[in-house]
Structure formats: structure tokens, C-alpha cells
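Beneath this line is the structure, given in C-alpha cells, with notes to follow.
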Amino acid sequence: MTDRPVDTLNKVYEPAEVERKWRALWEEQGLGTADAKSEKPPFTMVIPPPNITGALHVGHALNTTIQDILARYKRMKGFSVLWLPGIDHAGIATQNVVERELAKDGIDRHKLGREGFLDSVWKWKERYADTILNQQKRMGASCDWTRLRFTMDSGLSKAVREVFTTLYAEGLIYRGNYIVNWCPRCHTALSDIEVQFEETDGKLYYMVYPIAGSDTSAGGIESLTVATTRPETLLGDTGVAVNPDDERYKGLIGKKIKLPLTGREIPIVGDEHVSAEFGTGVVKITPAHDFNDFDVAGRHSLESINIFDVNAVLNENAGKYEGLDRYVARKKITEDLDSLGLLEKVEQYKTMIGECYRCATVVEPRLSKQWFVKVAPLAAPAIEAVEDGSVSFVPKSWEKTYFEWMRNIRDWCISRQIWWGHRIPAWHCGECEHITLPDGAVDPVLCDKCGSDKIAQDSDVLDTWFSSALWPFSTLGWPDKTDDLAKYYPTSVLSTSFDIIFFWVARMIMMGLKFKGQVPFKEVYIHALVRDAEGQKMSKSKGNVIDPLVMMDEYGTDAVRFTLAAFAAQGRDVKLAEERIAGYRNFCNKLWNLARFALMNIDDGSEEAGTEADGRSLADKWILTKLAKCRNDVEAHIDLYQFDGAARALYSFVWHELCDWYVELIKPDLWGDKGEERKRKSAGVLLVVLRDTLKLLHPIMPFITEEIYANLPVKKSGLALHEEQFPAEMGVWPEEEAELDGIMKVIGAIRNLRTENNVKPGASVESTCQIDDSGARDILGKGAEYIKKLARVSAFTVVPTGECPSDSVSTVVSGGPEVFVSLKGLIDIGAEVLRIEGEVEKANIERAAIEGKLSNKSFVEKAPAEVVAKVRARLEAVNSKIEKLESGRNRIKGIDG
RNA sequence: AGGCGCGUAGCUCAGUGGGAGAGCGCUACCCUGACACGGUAGAGGUCGGCGGUUCGAAACCGCCCGCGCCUACCA
């Protein structure tokens, strides 16, 4: 026998060193490296690229775990797996971070200039972008790190330019003067979905707008009262609107308002958009600073007056209010109106206020020249792809959310007034204003139209999500025709969080269909929601925000991964409890000690002994059956993305079947009590079961399983466990399984009688089972050794129902034997009578329920015959149980008296 | 305002038409030759409420209550 590492395995599993070792080995062995020339069928995932500013939070940890489970599982299932990692340049977020860094040294980006600032950002990126990648590696992520991509890579930038120029040529990208969401702090436009709405306590101001001209011409009405939440925008009003059917104001349409504080005259128009029921039924129209008003103005050819500068400070169009911040102006203007007697009243009002999703500054709707993608023509096929099942969401309910958004989609504002990002590949002519686009990689130098060389590239950059939308194919080399693209596109599944279905998932589907003619992924797995560590969603007041890195230090990565998998039930929030991580740390330790135990009892011949079909014991067949079931459970659950189910199946198999029962059952075998052959066989089955269990566990807990597997004397097909195949379906022995399940119930019954009667754990007792069914007696006979060992029984007999053994306490296994334990004068009669009566009470409750069912004629008639038969059998069992319990009680009372 | 989801043991959560489950915590006893990050045996729930469908509902349907999230241009 060769040296076994038994003695070197610690009593307690210590993850830190093991994890370090295997991370290095995986890297060395190129575990994640995909081979586009492989004959195996492809399985592809692209990682949702985290921001370069990011640090691993629980959400990342969950998604990394899920994807790594899939990657490892599919590799073991014989797929050529590509799991492509990467990071996202995160335009606004990164620019903000670097600006803040520079500000610490008193540097403003404008001082550095565009080039200089971008240099700083790139330096920052080189320094910090690895942070989150290393954290993902720390989790054991088996990505193909040789294919790491960054959204600002030259290849991906090429893809961006290709897509932009194509869409522009087709008229699907256009530039125009429209109202957009503007962040006065980031100084850039935002798309609609980059604005988050918060319910805020605001006020509704009722302002009096005098009508221009004589009283009579206005039919006696001298003024209109408008209700607004934003009085300061009065300065930009260019009209007042009423509902054309509103009898009160109908006659005023076409008249003019003399706008207070400005003296400007603005028209009264009729527009369906105005509801007669709300407020006063009169709406002020500020086309440059309100989305609705912009639309109304379009319908009535009202002019637009922009009253804010980029900081949302009033500009020269605001007259004497110029230079005031919007909120200061609000106060001042209401005061001024009040002093003129034109502020009718102010009401408390709850309103939804839009905030920048990057910095939470209240956004300012603002008229400006921006680039847009015309989305509707791209959305139509993307909707269809989900309708016809080319792409399916898991859980399916998210498809509804997707449709809802896609069917009401508005054009996508893609230009950002920042510096960090893909600069818009469009050149403006200083002479004729024509826009020239590049042909290929070379920047244009002359205007397409007038030939002028006075052309300059647009100063804006593209929305970060524009490049993210191309991620599934740009990362594979598109627009070039590459082997990777041929082999691995479309990808198999995208695992992500619901909150970026609009930002990302929908746009990838649109772009994938448009430029590859194929969906970018066949399935979208929307994982359970983990509340953000930074907080607005997770309850930081409770202090239950958990840092996965700290947890990995404390409990080991496998424990964290297993916990996340076990929590990953579909369609529910994840609230991580640290105690549960500790619980799964214990599970790792249990597995570790199971391995130690096995290693103490096996030798080089064990694997062969465990594989031989002959001479297996009842316990062997039982555990092999449970293993086969566990294997099927794991497979079925992972295939359906039910990681919690897979984790549960493994946990209960390893702990409650393998450790609690099988190991205990075979100990006498391993001690040699039943001869060498029996010892050899049991050790063999133990090894084989452990070996396969490690394979089943590996996708979820890669580190500990590799470590144990490396120590097992089994035939290996490669360098390590991750190269093994996922176990194939296995044979089962349902009869033996049921037999041992029955024997285990008897063991439980004896143990219960012992405990309840305060028998010392070390003491042996005598026990008898009575049952009339001879088949059942045979089975119990076969289990005698097990019963003796696990219930500490010295003499065990099985007989037909008959006279009760003297000085015994008893209980009944439902549908099974009456179990007696002899106590020889040690019975605490009072306590035992109470215990039995408790059991009888429970049984009576059950009997009442069953009898209720059977006395219901409809049940007997309408329920399936097998259900009725089953219930009848249960009644019989419970009746006999009660009868036996009662006679047991009487007998004990008899001992007393 | 619509949409979605949740409400099951003290806590965190599975279960989804025919005998209420797991982990942690709790109680009692045990350092039994893999493991005290352990073992054995227990206690603990009218499955949010009310109606309906059904022979039968924790599960399916409706309404209500409570909580959460997403979407929305009523100023």
C-alpha cells in the first residue's frame, strides 16, 4: 500500500491554502481556455462585464457562482465551454471617479484638456481594473482568461464604429434637437432609463396668469390659474394649454396671456393632453424643460426658450433672475408672484422626481442637440425573437417585463457630453455643416459634400451601453470573421440580474439580430435578486449587508458558493444570513471528514472492489440507489437553473444518507467483523460513492472537491477532477432501498425508546420485533446486524405477533412491526405511560382525519382508487398502532400494580 | 395608476392538488476509534385573512390586509 495522505489531512478543513493551490493549478492547466477547433458541441456564456470602478458585491458573487457552476458542469458533460470574461469602461461612473481623484490634487479636467484627462483615466484603469477580476478569480471563476475583453479595446472599438456607421447610413441613427434628461452635475445627457424616479414631497403652486386685452373680449374672465410643481419654469413658458372641450375655457383658445414677471405675451391653445379634471384644468407650457410640454409645443408650433445653463442655473433668458440656481429661483419667483397677488395658493403634493442614476442629482429636462437610435425598427424583430422562443427567459415571467418595455420603447439617446468612452465617429463640416462618416478604420479628412478640410470630429462620446449591446459578438472578434465567432456564437445562456433587462439584455437582442442575424443567446437566466451592498435596496439599517470577500476569508470560498447556490431560488430576493454560510462551512468540514474516514479504510484495490457488481450488501445497494437518485436530482435541477434544488439534494445526500447512515452501517464491515471480503467490498463501495459524490459536488464546490479527489486512489482521466465526466446514470435497487428504509425506522424506534426511558447511551438492551407478515420478518432478520450495531442491541429477535416480552416498553412503526425494548425493572412507569399516551393522542388525531376522509362518500367514489386504497391502508396501520400502544400501556400499568 | 413578486416553525427559506419540510437557533443526553464546524432523541406551525373551485387546497381562482420591487408625461 502506497503512502496515504491521511495523516497529513487536518481534522478540520482549512480552505485558504487549498484554494490558493488550486487557483494556481487551474491557471497553469488552462482550465478555462476554450478551443475553437474542438469537435465537442459549444457552450458559451459571456460574463456581464462589471464596471472597471467596481468591487465584488454579493450580486456579482451570486452571478459568478451561477455561471461557474454552469461552466464546470457543462465541461464535465462534454461541451467545449467558452466563458468569456471582461470589463466595462463605464463612461460616466469612471469619469466621475477619476475627476474626484484629480480634484483631491486640485486638478480640474478642463485644465488637463481632453487628451490629458483621458491619459489619466487610462492610467487609473491600468491600476484598478484588475481589482474585480482578481476577486472573480478568487471565487474560482473558470473563465477563459486568455480571452479577457474590455469595452474600450481596439477590437471592440472597431465593432462600435462599424455599428454606428451602418446604422447611420440606414437612417437608424440620427441627430437632432430634442428634449432629453440632463444631469446638471455630470454635465451630460442621459437616456430615459438612466433616470431613477423617487417619490418626493413637493408642492403644487397655483399661479395667476392674467389674460391680455380687454375684459369683454375674454367673456368676463380676467385671468387663468395654472397649477405647477415648478414655478421657476414660468420664465420659459411660451404658451398655456386647456382642453379644447372644457366649457370653462373653450372660448379663450386663441387669446393671449400676459406672462407675469416677463411681460411676454403667449398664446392660449387647446390640447387633448390637458385634463379638465386635474388642478385648474389649465397647464403652462414650457417646451424646453418638460417632456410633455415639448410635445404640446410641437403640435401648436410654440417656440422654445431655454432658461437654464448646463448647471441648471438660470441663464440670460431669465432676465433679472439670471445667475440663480433653479431652487433659489423657485423661491424668489414665488415670493415675487405673491407680492404681486398672483400666487393663489400652495398645496402639499407628492411628486416623482427624476434623479441621475450615477450621482442622484435631480435631472433637468433640457432641449439640446443629441444623437439618437431609432429603436422601433430594431425592437420589432427583437420582440418576435422572444415571442417565437428563439430567446427564452428563465423564469418565464420576465418575458412580460421585456415585452412591456419593448412595445413602448422610445428612441434611445446615445450621445454623452463626457470624454471617457467611444467618441462618436462623425465629423462636422465647418463650412457646410454636412456630417461625414468614416469608411473603415481611417478617419475622414475632407467633407464628403463640399470637400472642405475644415471638418472636426463630434466631441461627444457614446452611451456605454451602446458598446455593451454588442458584447456577445464584439468579444468574439466581430466584425472580422473569426473561428471563435463561428464556433461560439450565438451564446448559450446569459445569466444576469433583472435590473439590466432594459439597459442591456434587450439591446443585445436588438443588436445581435441586426448585425449577426441571430439572437445573441438562447436563454436568459434572471437570477434571484441580491440587494446592493451600497444600499438603497438592501436594508443597511438592519446591518445585514454582507461582503462576500470577508465571508470567503472567514468560511472559505466553497462555503460561500454553496450558500449562494442554495439561496438562488428563482423569483425571490436573496437575503443572506451569515449563519447559513457558517452552516455550509460545517458542511464542507463534514465532507472533509468523510474523506478522511474513507482514506483510513481504503487501499489501492478499493476502486475495483467498489465497481464489482457481485457481493454487494443491503447497505451497499441502498447507498448506491440513493446516489443514483441524487445524481439525477442534481442533473435535473441544474438543467433547469434550479441551483437551490441541486444544492439541497447534495447536502441531504452527503450528510443524511452517506454520513449519517451508510458510514455507520458499514463500520463493522470495515473493522473486519465480517471477514476480509466484506471489508474489501464495503471500503470499495464507500470509495466509489465518494468519488462520484465529488464529481456531483464539483461544479458548486470546486476547491474542496479537487483537493479530496486528488488524494483518492482512483483512476484519473486527466490532471484533476475538473477533467472528469459528470457521472452517467446509474443502476438502482428499489427493493433493497425500501427494505433498509424500513430497518432504519426500527432503529429509530429503538433509539427513541432508549432515550425516552433514560437508558445510558453506552448500555446495551434486548429488543424484539413482532410482525405477522413473514416477508417483513425476513427483512428485519436481514437487518439484524445493522439494528444491533446502530441501536446498541445485544439480543435481537423477530417473531410473529404474540405474547409480549416481559419488562418491556414498546412502540409501533406505522405499517411496520411493534418494537419492544426490554428494560428489566428500570422502567419509569409513570413517565412511560405519559409517553405512550402522547403517542396515542397523536395517532388518534391522525385516525380522526383518515376516518373523516373515508366516511365521505364522494371521496371514496371520486378519488382515484389507488389513493383510496392508500388511505385505507393508513387507517389500518394507525388502528393497529393505537391498539398495540394501548395494550402496551396497560401492560406497563400491570407491572406497576 | 398599472404590472410583478412575497407573506409556511423563533430566524432564513424550500415545497405547489391527496399523510406539514430543511438549515440555523432551542431542549435533553453524549468528547462512541472521520468530524463537538460532531452524534442521538426531542419541542416548536389552525402554511396572512375571507370566500370560491374540488371528493380533497398550504398549493388552483377571486377579493381583502400587510410588505417589497418595477413601469408610467396628469401639470
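All chains are named by letter (A, B, ...) in the order of the sequence lines, taking the proteins before the strands, and each is independently numbered beginning at 1.
The structure places CD of A:Glu404 at 8.5 Å from NZ of A:Lys400, a figure rounded to the nearest 0.5 Å. Interatomic distance, CD1 of A:Ile708 versus CZ of A:Arg596, reported as 11.0 Å (0.5 Å rounding).
Residues A:Thr229 and A:Lys203 bring no donor and acceptor atom of their side chains to less than 3.5 Å of each other.
At whole-Å resolution of the value, CZ in A:Phe567 and C1' in B:A14 are 11 Å apart. For the pair A:Glu404 CD and B:C69 P, the computed distance is 20 Å after rounding to whole Å. Nucleotide B:C35 holds its P atom 12 Å from the CG atom of A:Leu594, rounded to whole Å. What separates CD1 of A:Ile353 from P of B:A72 is a distance of 16 Å, to the nearest Å.
Using a 4.0 Å heavy-atom distance criterion, A:Lys590 is classed as a base contact. Using a 4.0 Å heavy-atom distance criterion, A:Arg580 is classed as a base contact. Within 4.0 Å (heavy atoms only), A:Asp660 reaches sugar-phosphate atoms of the nucleic acid but no base atom. Counting any heavy atom pair closer than 4.0 Å across all strands shown, A:Arg648 reaches sugar-phosphate atoms only and no base atom. Among the atoms of the strands shown, base atoms are found under 4.0 Å from some heavy atom of A:Glu664. Within the 4.0 angstrom heavy-atom criterion, no nucleotide atom of any strand lies near A:Trp592.
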What pairs of donor and acceptor atoms, side-chain ones from residues 862-881 of chain A against any protein atom, are under 3.5 angstrom apart with sequence neighbours left out?
residue	atom	partner	partner atom	Å
A:Asn879	OD1	A:Arg847	NH1	2.8
A:Asn879	ND2	A:Leu875	O	3.4
A:Lys881	NZ	A:Ser814	OG	3.4

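Using atom C1' as the reference point in both B:C35 and B:C47, the two lie 36 Å apart (nearest Å). Atom name P, nucleotides B:C61 and B:G3: the rounded distance is 15 Å, in whole Å.
The side chain of A:Pro761 lies closest to B:C29 when the candidates are B:A14, B:A41, B:C29.
The shortest distance between the side-chain N/O atoms of A:His656 and the OP1/OP2 oxygens of B:G23 is below 4.0 Å. Between A:Trp398 and the phosphate of B:G3, there is no side-chain N or O to OP1/OP2 separation shorter than 4.0 Å.
Classified by interplanar angle (parallel below 30°, tilted 30° to 60°, perpendicular above 60°), the ring pair A:Trp671/A:Phe597 is perpendicular.
Helical stems in RNA chain B, defined as runs of 3 or more consecutive Watson-Crick or G-U wobble pairs with both donor-acceptor distances under 3.5 Å, are listed by first residue as B:1-7 with B:65-71, B:10-13 with B:21-24, B:26-30 with B:38-42, B:48-52 with B:60-64.
For the pair A:Arg754 (side chain) and A:Pro761 (backbone), a donor-acceptor distance under 3.5 Å is present.
Side-chain contact check for A:Thr496 versus A:Val505: some heavy-atom pair is nearer than 4.5 Å.
When the nearest nucleotides of RNA chain B are assigned to A:Thr228 and A:Val871 by heavy-atom distance, the more 5′-ward of the two goes with A:Val871.
Using a 4.0 Å cutoff on non-hydrogen atoms, the parts of residues 851-866 of chain A near RNA chain B are A:Lys853, A:Asn856, A:Ser858, A:Phe859, A:Lys862, A:Ala863, A:Pro864, ordered by number.
One finds a salt bridge joining A:Lys667 and A:Glu664 here, because a Lys/Arg side-chain nitrogen approaches an Asp/Glu carboxylate oxygen to under 4.0 Å.
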